[in-house]
Each structure stands twice: as structure tokens, then as C-alpha cells.
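What follows is a short report on a single structure.
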Amino acid sequence: MVEGRWRTAGRALLRVIVVWAVSTLTMLALAGLLPDFQLQSDDGDSITRTAVTAAWGAGAFGLLTALVWPVVVRALLLVSALVLGLLVFFLNGSLLLIALWLIPDGRGAADLDTAVVVAAVMSAVASATSTALAVRDDDAYRRRLSRLADRRRRRRGVDGGRAGTPGTVFLQLDGVGHEVLRRAAKDGVMPTVAAWMDESHRLTPWRTDWSSQTGASQLGILHGSNHDVPAFRWYEKDSGRVLVCNRPASAAELQRRAIQRTGEGGLLTVDGASRGNLFSGGAEQVALVLSVAARRGRATRSRAGYFAYFSDPANAVRTAMSFVAEVAREIGQSTPARLRGDRPRIKRGGLYPLIRAFATVVERDVVVAAVIGDMLAGRNAVYADLVAYDEVAHHSGPHSRDASMVLERLDRSLAMIAKVAEHTPRGYRIVLLSDHGQSPGETFEGAYGLSLKDLVRAGCGLPVSRRAERSKRGAEARDAAGDALRSALHRRVAEEADEHPAPGPDPIVLASGNLALISFPDTAERLSREQIEHRHPALLSTLANHPGIGFLLVRSEEHGSVVLGPGGVEVPVTELADSGPLAVFGRGAADAVRRSDSFPHVADIMVNSMHDPEAGTVHAFEEQIGSHGGLGGEQAQPFLLSPVDLSAPVADGAELVGAERVHRVLRRWLRECAGPQVPIGPAEASPPDRAA
């Protein structure tokens, strides 16, 4: 407690010194601009002497304003507003004249009208500086929110005590793997998370499906079904359309399909709020939710998140300062890495510093403020996605210092939310979880000098461009953030150029991290291995034997679907086990492949990159040195950090597998917190889940 008081006192002293320095510079500038404002003797002074004079004057004016102004305002409460408004300028000018009179040796002088102008400018600058410093202080921000909560309770006639059942806040740290979180807590990077793990929460790993990315995981978590989501982007032959999880139209369609399959609205259907997510979860209160971003009308309220946040000037200043700092931080981090020749490395120039700052600062601040607002409003369930780490890890690597610094700032946001929970009208249980992890590694193109698309075209005997074509980056955070922002500003959301590819015999190659999908659009059905080899005899062997590829999944007319590996390895999916060509991909890989093979829109050829189990590396088919989307390494190992007063996610010794299972666990916890929140299905009759 004593240490905290000293820290608070130190911050207050620092604010006073900074405001004093800025006021001194402002006074010097005004003395140079206004001929009737003097800070020097008639014989002239040195620059140092003039600066000391300005410091005296600024300090005296600030002290007089702090001491005298509250007394004057209290004495003039009975004066009409118009008269008081006119007196403000006169009184400020008078205080400045007194401050100049207090300067030693009588070096300060000004006419009354000039003093009024100088005082007004200095007051405005000092106020803006003080406000800017205060809004970056998390303690001051929390105190402001606490006062807001107290005012709301008084307006409602509610006392300060807690009433009713507790609510639940689900905070998703996008892309943070189980091992990354555990290591960050152990190394002191995330002290808030470390305290939760030691005192109040249990950490549980879970395993994703083959498609280890936000679209598949979050759809399963929020809506209970991610059936027929084979990747981050894929081609559907029946509609001739490419679906991309971070596009509003695609997200809306995926949500519609999930609701149709489950017959339920989602996890948040009863007094829930969805913030910064790809999908709504059935919540009525939504902000920055992609699946409703393309809609119009007040009912969706998706764009309201930005406007509600930035309508408060203090919020705008707070976020603007962090935005500028983050742009400078990215430039300061990427430039030395480029000069050192660090490997692996991808390009981080152009607009990327601005894009990173938007994803790691603007979205974070808006989502955190929305969550706090939901807690102050006493909502039953809130689900929010914090995307900052995922964006930076794609470009800097999941174990980089850059990504670690993002985790530090996310931990401060978690601490703020936990502190605000002490002042909310109802108690809250905070559940922390992730949708996937990330695996490091050189890009496929960087390691082998050509993109997967070029390799496929070469295997098909098609011409390959001399200049390698850069593949699209699949960072959900950046693209989704841009689309959400355009929607918030009533701008049309642009579609990808290849969303409706032209029909023809040439293969469509779509990358999702280290998972790739190859489709031939000129056929209505999924091509078989025999058909592919008849068309392009060298394609499958070229891919299966490439050192950067781990295995292929294709349909065989003779054996059903088969997994192909290097050296002519061929295993029917029905006989697939976590050995053979899938041995390096770890436990559960065979079941994950079998499940995706059952999807109606699985590609003609599914390609998973190689995986080095010792180094934990994969090769992304996109321009990413930290990737996710397929099998291999930490990308398939997210976490669930839950309060110990909730039931265990799974029984001892069991595994939590698949986003749909996570959905059922979260539903159970909502019932434990506040009674039935969503329809109870037969699969949830006996908690906790015991099957893997």
C-alpha cells in the first residue's frame, strides 16, 4: 500500500513538472510573438536568464490559478453565467499580472489586454497537457470509471452493495497459445494473469480443430457449431464463391449456417453483449462485430462502438497518444531488425505501422471500454476479443520481444477490467481464453524461393510467372478491423478481387496460414485422386514429396479419402492414426483430419505444411513468420483460464478438444452463474464433460 502511494505521488509530481515545463515554453513563445509581453530587462538578457524568468512566471501563474481560482469561483456562484464568463478572462489576466510582478528583478511586464490573451493561451495549453497526462494514467482512468459507476447507482437509487447473481465476462486473447500464456505469467510479463493462476483461476489447455484460426474457433465457441469451416478461406463449387472468415458477408453467412444447424441463437442470447468479435453469439448488444457490420439500421448498432468511445474527448486523447506511440514503437522495432538482418523476417513497411497501431491500440481501447460499460450496466454475459497479440505475432513472431510487449499492455487492460469489477452493480466472474495459438517459422516462399501457387502451377504444367506473386496475408485482426471501421463510417466494405473467381480449368490455391486448399472450379464435385492424376500426372507427387509439405488429403475412388505423404506413403482416412505421416503433428491429428474430410466444402486437395517438432516450426503459405490455420506446433494449443469456483472444464485426465466442446463448457458455466441462459441440450446433461 505504501509503495502504491509513493507511486501515485511520483506520477502526480511528474505531471506537475511536465505541465510547468510546457507552460514555460508557451510563455517564451508568447513573449516572442507579442510585442507588449516582456520577459527581459531593458538591456536584454541571455537565453538562460530569459528561460529562468519564464519558469518563474509560469510557476507563479500556475500556483495562483490552483490556489486562488477555486476560491474566486465559489465566491462568484451567485453571479449570472454571462457576467461570470466575461469575468473569467479579466481574472485570468489579473492573475498573470500578479505572477509577473512576483518575478525577481521585475523582468516581467505586460499590458492588461496582452495579459488576458497570454493567460487564456497558457490556461488552455496547461489544461490540455494535464488532461493528456492524466488520461494515460490507468489509476486516474479507473477512478473516473468508479465515479461514473457511483453516479449511475445513485440515479437508480441502488446502494453500493452487490445484489443478484454474478455475471460472466469472457475475454478472448486472440492468438495467445497455452505455452505463451504460461511462460508470460512465469516470467513476470503478465503479473495480473500470474496472480489469477496462483490465487483464483485454473489453467486448462484445449485443442483446436484442423482449421486452427479465429473464424472456425470463435464460430464454434459462440454458436456451438463450426461444421463445414475447412479453413480461413475456401472455395465453394456449388456457389462459385470464395468465403473468407474476416469478410462481413462471409461472416454473416457462416453465422446463419451455424444457427440453422444448432437451432439456437448462440451463447449470448440472454442479456449478452458481443464486442470486437467476428460473430454476435446471439447478443442484442453488439459493437465492432463483423457478422453484422454490413447491415444498416440502429438495430445492429455495430458501428456504435467507435462513436460511443470517441465521443468522450478524454478517450480520444488517451487513444491518440497511444496510437502515435505504437506507430513509433513499430518503426523503432522493425528498423533495427532489418539492419541486423534478422531471420525469419517479412516486410513491415508501408502502411503496416498504422495498421498495427489501429489493431493494437484503437480496437483494444474501444473493446475494453465497451466491456467496462457492459459491466457497469450489469449485463449477464459479455464476450470480447482482444486482437493485439495476434497481429504483432504474425509479423514479429509469437515468441518475439515485440509480441511480449503487447502481452504486457494486454495484462494492464485485464487489470483495469478486474479493478472496475469491484465497482459494478453486480459481481463478475472473469474467464480468459484464446481461440488458437501461433507457430513460428520461415514462410514457404522464403524457405524455397517460390510460392505454393507457383509450385501447384508447375506441377500442373502451367506457366509460372518469373516474378513470384505475394500471397494474401490472413491476419484476421487487421482485415476485420479495417472492414469494421469502414462499416462504422458508413463506407462500403470492399470485397476481395478473387471472391468470385472466373470459372476455368486453372486451379484455385487459397492459403490459411500453413494450411492450403487447392480446388478445380470447372467441376461440380470434389475431384478424386484418379481424376487429378489423369489431368495432371505430376501434381500430387510433386506436392507430397516437397520438403516444405507435410501431407496431403485427397479423395480416392478405390480407398475413399487418403492421406499422402513423402516417399509414396498412402494411408486411408478410415485407418488413419496419430502415427505414420501424421506422427510429427501430435495427438489428435488423425481425428482432426477425419472431421474436416467429412465437410461438404472440403477442397479437392488439402495441403498441410511440414512441421519440425523439435523447433516447433512450420512454413506458412502466406507472408507470416508467426502463423496458424493448420496442424503443427503451438497453433493448435490455446488455453482456458477459469475461476476455481466454476466447475472444472473437463474431468481429471480428460482432454478438451474442439471449439464446439468449449461452447458447451461455457454454456454450463453460465447456468452455474445465473441459471439457464441458453437452451439446455441433451449433450450437456452431466457436467463436467468427460469425453475427449
Would [X] and [Y] count as having a side-chain donor-acceptor pair, cut-off 3.5 Å?
{"X": "D435", "Y": "Q218", "value": "no"}
{"X": "E442", "Y": "T617", "value": "no"}
{"X": "T262", "Y": "E264", "value": "no"}
{"X": "K237", "Y": "S519", "value": "no"}
{"X": "D374", "Y": "Q285", "value": "no"}
{"X": "T443", "Y": "H619", "value": "no"}
{"X": "Q635", "Y": "S212", "value": "yes"}
{"X": "S439", "Y": "N514", "value": "no"}

Ring centers of H546, F444 separated by less than 6.0 Å: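 When the ring centroids of H546 and F444 are compared, they turn out to be within the sub-6.0 Å range.
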Do the ring centers of F585 and F551 come within less than 6.0 Å of each other?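 Between F585 and F551, the centre distance is under 6.0 Å.
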Among V554, L552, L564, which one satisfies side chain to side chain contact (heavy atoms under 4.5 Å, CB included) with L543?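 That would be L552.
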Residues which pass ring pair (Phe, Tyr, Trp, His ring centres under 6.0 Å) with F639, listed by chain and number, not counting sequence neighbours: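 Here no residue qualifies.
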Mind checking salt bridge (Lys or Arg N to Asp or Glu O under 4.0 Å) for E326 and listing every partner two or more places apart, or none if nothing turns up?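 Per chain and number, E326 pairs via salt bridge (Lys or Arg N to Asp or Glu O under 4.0 Å) with R329, R356, R409.
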Does the pair E530 and S556 meet the rule for a side-chain hydrogen bond (donor to acceptor under 3.5 Å, both in side chains), with working shown? CA-CA 7 Å; E530 291 78 9; S556 169; 3.3 Å; yes
Give the intermediate values and the outcome of side-chain hydrogen bond (donor to acceptor under 3.5 Å, both in side chains) for residues Y383 and Q172. CA-CA 8 Å; Y383 193 103; Q172 176 180 303; 2.6 Å; yes
Distance, nearest 0.5 Å, that separates [atom1] of [X] from [atom2] of [Y]:
{"X": "E634", "Y": "Q637", "atom1": "CD", "atom2": "CD", "value": "6.5 Å"}
{"X": "S609", "Y": "F621", "atom1": "OG", "atom2": "CZ", "value": "5.0 Å"}
{"X": "D390", "Y": "T360", "atom1": "CG", "atom2": "OG1", "value": "12.0 Å"}
{"X": "N246", "Y": "Q213", "atom1": "CG", "atom2": "CD", "value": "9.0 Å"}
{"X": "H395", "Y": "I625", "atom1": "NE2", "atom2": "CD1", "value": "9.0 Å"}
{"X": "R661", "Y": "L656", "atom1": "CZ", "atom2": "CG", "value": "7.0 Å"}

Can you confirm whether R587 is buried at CZ, in the sense that more than 12 heavy atoms of other residues, nucleotides or ligands lie under 6.0 Å from that atom?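 Result for CZ/R587: open.
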Less than 4.0 angstrom from a charged side-chain N to a carboxylate O is my criterion; do R457 and D506 meet it?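 Yes, R457 and D506 are salt-bridged.
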Salt bridge (Lys or Arg N to Asp or Glu O under 4.0 Å) between D597 and R594, worked out: CA-CA 5 Å; D597 181 63; R594 260 191 295 270; over 6 Å; no
I want to check something: taking the side chain as every heavy atom from C-beta on, are V229 and C245 in contact at a cut-off of under 4.5 Å?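 V229 reaches C245 side chain to side chain.
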Within the side chain of H223, is there an N or O that forms a donor-acceptor pair under 3.5 Å with the backbone of G281?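 Judged by distance alone, yes, a pair lies under 3.5 Å.
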Can you say whether the rings of H536 and F520 are parallel (under 30°), tilted (30 to 60°) or perpendicular (over 60°)?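 Parallel.
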Quick one: which of R257, R595, H663, R261 gives a side chain to side chain donor-acceptor pair (under 3.5 Å) with N226?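 Of the listed options, the one satisfying the test is R595.
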Evaluation steps, salt bridge (Lys or Arg N to Asp or Glu O under 4.0 Å), between D385 and R364: CA-CA 9 Å; D385 188 9; R364 179 201 64 202; over 6 Å; no
Axial cation check for Y235 ring with R241, 6.0 Å and 45° limits: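 Because its charged atom misses either the 6.0 Å distance or the 45° angle limit, R241 does not stack over Y235.
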Show your reasoning for whether side-chain hydrogen bond (donor to acceptor under 3.5 Å, both in side chains) applies to E622 and S627. CA-CA 8 Å; E622 305 177 81; S627 66; over 6 Å; no
Test E623 against R348 for salt bridge (Lys or Arg N to Asp or Glu O under 4.0 Å), laying out the working first. CA-CA 11 Å; E623 195 177 0; R348 292 161 59 176; over 6 Å; no
